[in-house]
Chemist: 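I have a structure here, written as structure tokens, and I will follow up with some questions on it.
Index from 1, following the sequence.
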Amino acid sequence: MRARARGFMLIVGCIINDHNLWFVLMAAVMCIAGSMVSATLFRRTLSEDGIARVHWCFLSAVTAGAATWATHFIAMLGYQPNTPVTLDGALTVVSALIAVAGIGAGLALASSKFARLAPLLGGSIIGLAMGAMHYVGMFAYRVDGIVHWDWRYVVASMVIAITCSSLAIRVLRRSFGALGIWHAGTLLMLAIIGLHFGGMAGFSVSAMPGFSQGANSEAFAALATAIAMVALLIVGTGISTYLVERKTSSDGESRIAHIAMHDALTNLANRHQFTEALRLECDKIELFGRPFALMMVDLDRFKPINDTLGHPVGDVVLQRLAHRLTLAVRDGDMAARIGGDEFAVLCFGIGDHRQASIIAERIIEILSRPMIIDGNVVELSGSVGVALAPDHGVTPDVLIQHADIALYSAKHNGKQTYRVFEPTLMEAIQRRRALEASLRRACMRDEFTIVYQPVFASQSGAISGAEALLRWTCPDQGEISPTEFIPIAEDLGLVTRIGADVLRQACKDAASWPGHIDLAVNVSPVQLLDPRLPQIVTQSLADSGLAPHRLELEITETALLNNDLAALRTLTHIRDLGVRISLDDFGTGYSSLSYLHRFPISRIKIDKSFIQKLPDDVGSASIVRAIAQLGASLNMKITAEGIETDSQLSFIRDHGCDEVQGFLTGRPIPPAAFLALAGTQTDFAEA
């Protein structure tokens, strides 16, 4: 115990009595900075693999070797032996190379996969390298005196260096964070300090007679300062490289995280981030009872933009609409793109219909504003489905399902509107799904029937034609209105097949009618865009033997909006076959006069919504008169549909409509009944 105390006091005495304390302070600063930077770089080296580990190992070895060597030489230059001192330049350089190479070899071994032996072996090599550097440097320190070595202190200094270095490597391999680096840095400081001053305590110089001049303190001070500056530059370069790489890595990780959580086109949150945020909000309901609103947003009429203006313009439209969506919602709410033209919004803290409705209305209003892109005016809108938590569900799946149901209801009730989920909407969607399944079976089993509504000449009252109307009786839900099942058939892609079957059967039925009675068949917008429609018409006429001039295809104005050039080509081809074209429901759509000029239309059918208000409604009466006059000036026949009263019929007769149809003149009847009527009745008063 006394021996240890004497040894410790000898080391302290060596520092205080035999060293210039300014040099010691300079060495201490170098030791602290170098040790902490070295520990940081060691940690990075141990955490890397492959070629990156080699690069970091080299940087760490150079930085730590320079710091250790500089600490040693600055402190050594501060030693005051009171005898002339010179330095061997070659050995000084060799000592620096020993430090760098030895520390590099130790780090390479310490970063190996042998978890138990790597800290011990790698740390031992680092400690041995420090010791070799120290004592080679001591041999470069030439004094004109008698040198004495106490090998006990030499061995002790080596043990301290090896032990502390091994412990530092062990700490860096097992712990993470700043605390582990501080612990390892402290151990490296102890290794350097213990090695140097322990070794210096075992080193003594006796002056030789006749030599009393001490070391050149001014020259040594300048040299120590130069060494410190160079070493600090090396250490600074090492830590700067580490910080720059860490910042670059952090920025890269941030960019990757941003890419992983955001939509690349619109920079909104993507489906993954939206799903995670929705899950967290649902968890908060159970913990804190915090309500929120989920809104599903779907764009109306977006596909025609891609088809007509191209996908690059479509991408610009999506980007602008995404920006508008962020303006429409409140600060703090989340807007996400979850599909091609599908968006979602999480409105936090909203628990009642009124607040949700205000935001939904603002979204619809902002999205519907026109925009100009590359000289094109783009107008589209959005439909919104709203589900409120916890009223409409407390789990992500249920809330998404209910919001989707509300969105479906909004899109099928005029679009450019919103709906808040209600239990009755669930019944509607269940009914639709049941009808979809039944409709598919009906197509396979040919369960559809055709009825014919007579069309009469308004002046003579004679039957002039009939409109073929499709009927379907569902085995499970009874008779279904065409206004309900035809849109479903369009969505399912069945309407072309159904329409072709109706056309073929109606042509066969009409072939047995008297030659003066014409046939009118409705064509859906989907059918009109089918390039096979002229071929279907041709084949139906050929199979039935019906004269082309007796067939009339009825289209609506909306059928001409999606792709008027394709529709024009199809209708022109059909007209060249001798088949006539009529424009149905005129007055309820866009009613563009250019349609009457550009397309081969031979008849206008006035929509029943105007007829049913006659003769009392002044506006409807003016519209009917104007359409009748327009038809006469364009040499087009005019048909008024939906006649239900004698006063309506009288008004139509007085204002020049050519033909009439409606419940007053004749209800839709089966083929056999119509054939009998056509053969016996010529006046709608008798029908």
Chemist: To the nearest 0.5 Å, tell me how far I400 CD1 sits from I405 CD1.
Modeler: 12.0 Å
Chemist: Heavy atoms only: give me the nearest M158-G131 pair and the separation to one decimal.
Modeler: SD-CA, 3.4 Å
Chemist: Under the side chain to side chain donor-acceptor pair (under 3.5 Å) test, which residues partner S368, sequence neighbours left out?
Modeler: none
Chemist: Do you know which two heavy atoms are closest between Y418 and I364, and how far apart they sit?
Modeler: N-CD1, 3.6 Å
Chemist: With a 4.5 Å limit on heavy-atom distance, are the side chains of V329 and I363 in contact?
Modeler: yes
Chemist: Evaluate side chain to side chain contact (heavy atoms under 4.5 Å, CB included) for V316 paired with V378, printing each intermediate quantity in order.
Modeler: CA-CA 11 Å; V316 175; V378 178; over 6 Å; no
Chemist: Looking at CG of L167 and CD1 of I162, how far apart are the two atoms once the value is rounded to the nearest 0.5 Å?
Modeler: 12.0 Å
Chemist: For F343 and L367, run side chain to side chain contact (heavy atoms under 4.5 Å, CB included): C-alpha distance rounded to whole Å, both residues' side-chain angles, the deciding distance at 0.1 Å, then the answer.
Modeler: CA-CA 12 Å; F343 299 85; L367 292 184; over 6 Å; no
Chemist: Taking only residues two or more places apart in sequence or in another chain, which ones pass side chain to side chain contact (heavy atoms under 4.5 Å, CB included) with C347?
Modeler: A293, M295, R330, D333, V345, I350, I359
Chemist: State plainly whether the residues E281 and K284 are in salt-bridge range, i.e. N to O under 4.0 Å.
Modeler: yes
Chemist: Can you tell me if R271 uses its side chain to pair, donor with acceptor, with the backbone of Q273 under 3.5 Å?
Modeler: no
Chemist: Roughly how far apart are D315 CG and L265 CG, rounded to 0.5 Å?
Modeler: 5.0 Å
Chemist: Determine the minimum heavy-atom distance between F292 and F348, stating which atoms define it.
Modeler: CB-CA, 4.0 Å
Chemist: Kindly compute the distance separating NE2 (H323) from OG1 (T266), expressed to the nearest 0.5 Å.
Modeler: 12.5 Å
Chemist: Would you call E342 and L407 a side-chain contact if the rule is heavy atoms closer than 4.5 Å?
Modeler: no
Chemist: Under the salt bridge (Lys or Arg N to Asp or Glu O under 4.0 Å) rule, collect the residues that match up with E276, sequence neighbours excluded.
Modeler: R279
Chemist: Within this structure, what is the CE-CG distance for the pair M296 and L399, rounded to the nearest 0.5 Å?
Modeler: 10.5 Å
Chemist: Does some side-chain heavy atom of L321 sit less than 4.5 Å from a side-chain heavy atom of L325?
Modeler: no
Chemist: Which heavy atom of I169 sits nearest a heavy atom of G123, and at what distance?
Modeler: CG1-CA, 4.1 Å
Chemist: L121: which residues meet the side chain to side chain contact (heavy atoms under 4.5 Å, CB included) condition with it, sequence neighbours left out?
Modeler: L109, L117
Chemist: Do L294 and F274 come close enough that some side-chain heavy atom pair is under 4.5 Å?
Modeler: yes
Chemist: So, does R324 use its side chain to make a donor-acceptor pair with the main chain of I366 at under 3.5 Å?
Modeler: yes
Chemist: What side chain to side chain donor-acceptor pair (under 3.5 Å) pairs are there with at least one residue in residues 155-167, not counting sequence neighbours?
Modeler: Y135-S157
Chemist: Of the non-hydrogen atoms in D341 and L318, which two are nearest, and what is the gap between them?
Modeler: CA-CD2, 4.4 Å
Chemist: Using 0.5 Å steps for rounding, measure from the CD atom of Q319 to the CG atom of L268.
Modeler: 10.5 Å
Chemist: Please check: side-chain N/O of R337 versus main-chain N/O of G340, any donor-acceptor pairing under 3.5 Å?
Modeler: yes
Chemist: Donor-acceptor pairs under 3.5 Å, side chain of residues 389-397 to any protein atom, not counting sequence neighbours: which ones?
Modeler:
| residue | atom | partner | partner atom | Å |
| --- | --- | --- | --- | --- |
| H392 | ND1 | L388 | N | 2.9 |
| H392 | NE2 | F421 | O | 3.4 |

Chemist: Give me the atom names and distance for the closest heavy-atom approach of G106 to I126.
Modeler: CA-CG1, 3.8 Å
